[in-house]
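Counting starts at 1 for both ligands and their atoms, in listed order. For clarity, every value in this text was computed on a predicted model and none was experimentally measured.
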Amino acid sequence: MNLPTSIEITEVGPRDGLQNQSSVIPTDTKIAYVDALSKTGLQRIEVSSFVNPKWVPQLADADAVFSGIVRFENVKYTALVPNKRGLDRAMDVGVDEIGLMTSASESFSSHNVNATIADSIERMKPLVESAIASGVGVRGYVSCIVACPYEGEIDAGQVRNIVEQLLDIGVEDISLGETIGVVVPTDIARIYDALDGVLSPEQSVLHLHDTRGTALACVLFAMQLGVRRFDASSGGLGGCPYAPGAAGNLATEDLVYFAERMGIDTGVDLEQLVSATRIIEASVGSSLCGRTYSASSCQDPSS
Ligand code: HMG
Ligand code: MG
């Protein structure tokens, strides 16, 4: 089946998962959640966002969360950064890597970062330079690779165009975001075809939301193309405040189960992961929808 022997997962639950939660989640709970995730074997955890707190109030405590967590040596702790103010805050607490945001859709860009695509990329340039000069990693997110909540279908040529611009400014680690969860495997084929010669499947990261339960089918197809880095959110927590109706990311437990059952190493201990998810589920006020997570909860008589 041409499958990889291992994949790398970035856990985005503490950021993408929590950013859309309306209930106030105490800082201590977020810290306990990240600390529990650190014990699972995950190598990268997106801990929070240093965005304008008026835009994403839930993550206004990013600085306190970063300062409160226990750092594991083999884990990279990352965060979203939208501008210089965000970079300064991120540097103050010693993030390992920053995530910068742009989009393949003009409307989403303006709703999400209050800027055109061109301005959002222009804004990144000095951030990329400062981060690299300080030894901090840089990731670029391209949202709406398949469709936009405001514009509908997005042309894959536009995704290629944005990826080229990110590579030009020195962003080499690129996460392709299917923001609203409409993706099917033929979309994945179309996108990687369009990216041919610019960004290889091996180089890219795939960030899928799972609104319609199609993410794992796309993961399998993407793995066969050579993709081996994926973003996922524990329990399937999440959504984007600027993508109405979008559900959470592909659930990390589903990805871990799916991969490990096929003999693909994730490095993640599923039981520990379920325990970490329980910590945050207790605070979000509703049951989390990840299938493997739900199945684990049903099998555990104590839960
Ligand atoms: P703005 O309001 O246009 O910024 O926001 P501004 O420069 O005009 O500043 C307004 C005020 O906010 C100023 O304060 C700034 O200091 C303050 P004042 O002078 O009025 O008192 N401010 C900040 N304070 C703290 N930290 C900051 C910061 N920045 C400004 N970083 C901005 C522009 C880009 C900042 C805003 O639009 C923003 O924060 N957007 C982020 C939205 C967001 O987080 N969206 C969700 C994440 S993206 C996503 O989920 C997609 C992804 O998962 C991939 C996928 O699924 O596709 C990544
Ligand atoms: Mg997302």
Side-chain angles (χ1 to χ4, degrees), residues 10-21 46-64 66 78-93 95 97-105 107-117 119-124 127 138-150 154 159 162-163 166 171 173-183 187 191 204-211 215 218 230-234 236-252:
T10 296
E11 171 58 53
V12 297
R15 191 281 299 173
D16 208 339
L18 294 187
Q19 67 186 11
N20 208 26
Q21 294 299 322
E46 201 168 65
V47 174
S48 193
S49 283
F50 294 96
V51 296
N52 184 343
K54 289 197 183 114
W55 286 57
V56 184
Q58 180 66 258
L59 302 183
D61 59 358
D63 318 69
F66 251 98
T78 77
L80 284 190
V81 160
N83 53 17
K84 168 82 169 68
R85 173 97 178 82
L87 182 67
D88 291 343
R89 290 173 59 204
M91 296 287 212
D92 282 350
V93 293
V95 300
E97 178 189 282
I98 57 167
L100 305 171
M101 293 161 276
T102 189
S103 173
S105 153
S107 307
F108 187 77
S109 183
S110 111
H111 281 87
N112 194 47
V113 292
N114 204 15
T116 63
I117 297 172
D119 286 347
S120 71
I121 295 174
E122 200 53 41
R123 199 190 266 169
M124 283 182 195
L127 308 181
V138 177
R139 166 183 278 206
Y141 280 104
V142 183
S143 287
C144 300
I145 57 163
V146 173
C148 161
Y150 311 102
I154 295 292
V159 178
I162 305 302
V163 167
L166 291 184
V171 179
D173 188 23
I174 296 181
S175 178
L176 301 169
E178 204 286 274
T179 317
I180 57 177
V182 293
V183 67
D187 294 315
I191 285 156
S204 69
V205 181
L206 207 50
H207 176 109
L208 303 178
H209 285 258
D210 202 18
T211 315
C218 293
F230 298 92
D231 295 344
S233 166
S234 96
L237 194 63
C240 172
Y242 301 101
N249 296 82
L250 165 62
T252 317

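Residues Val93 and Phe66 approach most closely at CG2-CB, 3.6 Å, considering heavy atoms. The two residues Glu11 and Ser234 make their nearest non-hydrogen contact at OE2-N, 2.8 Å. Nearest heavy-atom pair, Ala104 versus Val142, reported as atom, atom and distance to 0.1 Å: N-CG1, 4.0 Å.
A salt bridge links Arg139 with Asp231: the distance from a Lys NZ or Arg NE/NH1/NH2 to an Asp or Glu carboxylate oxygen falls below 4.0 Å.
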Ligand 1: which protein N/O atoms lie under 3.5 Å from its N/O atoms?
{"residue": "ligand 1", "atom": "2 (O)", "partner": "Asn52", "partner atom": "ND2", "Å": "3.3"}
{"residue": "ligand 1", "atom": "2 (O)", "partner": "Trp55", "partner atom": "NE1", "Å": "3.2"}
{"residue": "ligand 1", "atom": "3 (O)", "partner": "Asn114", "partner atom": "ND2", "Å": "2.8"}
{"residue": "ligand 1", "atom": "12 (O)", "partner": "Asn52", "partner atom": "ND2", "Å": "2.8"}
{"residue": "ligand 1", "atom": "26 (N)", "partner": "Val51", "partner atom": "O", "Å": "3.4"}
{"residue": "ligand 1", "atom": "26 (N)", "partner": "Arg89", "partner atom": "NH1", "Å": "2.9"}
{"residue": "ligand 1", "atom": "29 (N)", "partner": "Asn83", "partner atom": "ND2", "Å": "2.8"}
{"residue": "ligand 1", "atom": "31 (N)", "partner": "Phe50", "partner atom": "O", "Å": "2.9"}
{"residue": "ligand 1", "atom": "31 (N)", "partner": "Asn83", "partner atom": "OD1", "Å": "3.0"}
{"residue": "ligand 1", "atom": "31 (N)", "partner": "Gly86", "partner atom": "N", "Å": "3.4"}
{"residue": "ligand 1", "atom": "39 (O)", "partner": "Asn52", "partner atom": "N", "Å": "2.9"}
{"residue": "ligand 1", "atom": "40 (N)", "partner": "Asn112", "partner atom": "O", "Å": "3.0"}
{"residue": "ligand 1", "atom": "45 (N)", "partner": "Asn112", "partner atom": "OD1", "Å": "2.7"}
{"residue": "ligand 1", "atom": "50 (O)", "partner": "Arg15", "partner atom": "NH1", "Å": "3.0"}
{"residue": "ligand 1", "atom": "50 (O)", "partner": "Gln19", "partner atom": "NE2", "Å": "2.8"}
{"residue": "ligand 1", "atom": "53 (O)", "partner": "Arg15", "partner atom": "NH1", "Å": "3.3"}
{"residue": "ligand 1", "atom": "53 (O)", "partner": "Arg15", "partner atom": "NH2", "Å": "2.9"}
{"residue": "ligand 1", "atom": "53 (O)", "partner": "Asp16", "partner atom": "OD2", "Å": "2.9"}
{"residue": "ligand 1", "atom": "53 (O)", "partner": "His207", "partner atom": "NE2", "Å": "3.2"}
{"residue": "ligand 1", "atom": "56 (O)", "partner": "His207", "partner atom": "NE2", "Å": "3.0"}
{"residue": "ligand 1", "atom": "56 (O)", "partner": "His209", "partner atom": "NE2", "Å": "3.1"}
{"residue": "ligand 1", "atom": "57 (O)", "partner": "Ser143", "partner atom": "OG", "Å": "2.7"}
{"residue": "ligand 1", "atom": "57 (O)", "partner": "Thr179", "partner atom": "OG1", "Å": "2.6"}

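Qualifying salt bridge (Lys or Arg N to Asp or Glu O under 4.0 Å) partners for Arg123, counting only residues two or more places apart in sequence or in other chains: none. Listed by chain and number, the residues in a side chain to side chain contact (heavy atoms under 4.5 Å, CB included) with Ser143 are Ser103, Phe108, Thr179 (sequence neighbours excluded).
Checking Asn249, Leu176, Ile145 one by one against His207, the side chain to side chain contact (heavy atoms under 4.5 Å, CB included) holds for a single residue, Asn249. Results of the side chain to side chain contact (heavy atoms under 4.5 Å, CB included) test with Thr102 over Val171, Ile162, Asp119 single out Ile162 as the only residue that passes.
By the criterion of a separation under 2.8 Å, the protein N/O/S atoms near the Mg ion (ligand 2) amount to Asp16 OD2, His207 NE2, His209 NE2.
Of the inter-residue distances, the one linking Ile154 atom CD1 with Cys144 atom SG reads 6.0 Å to the nearest 0.5 angstrom.
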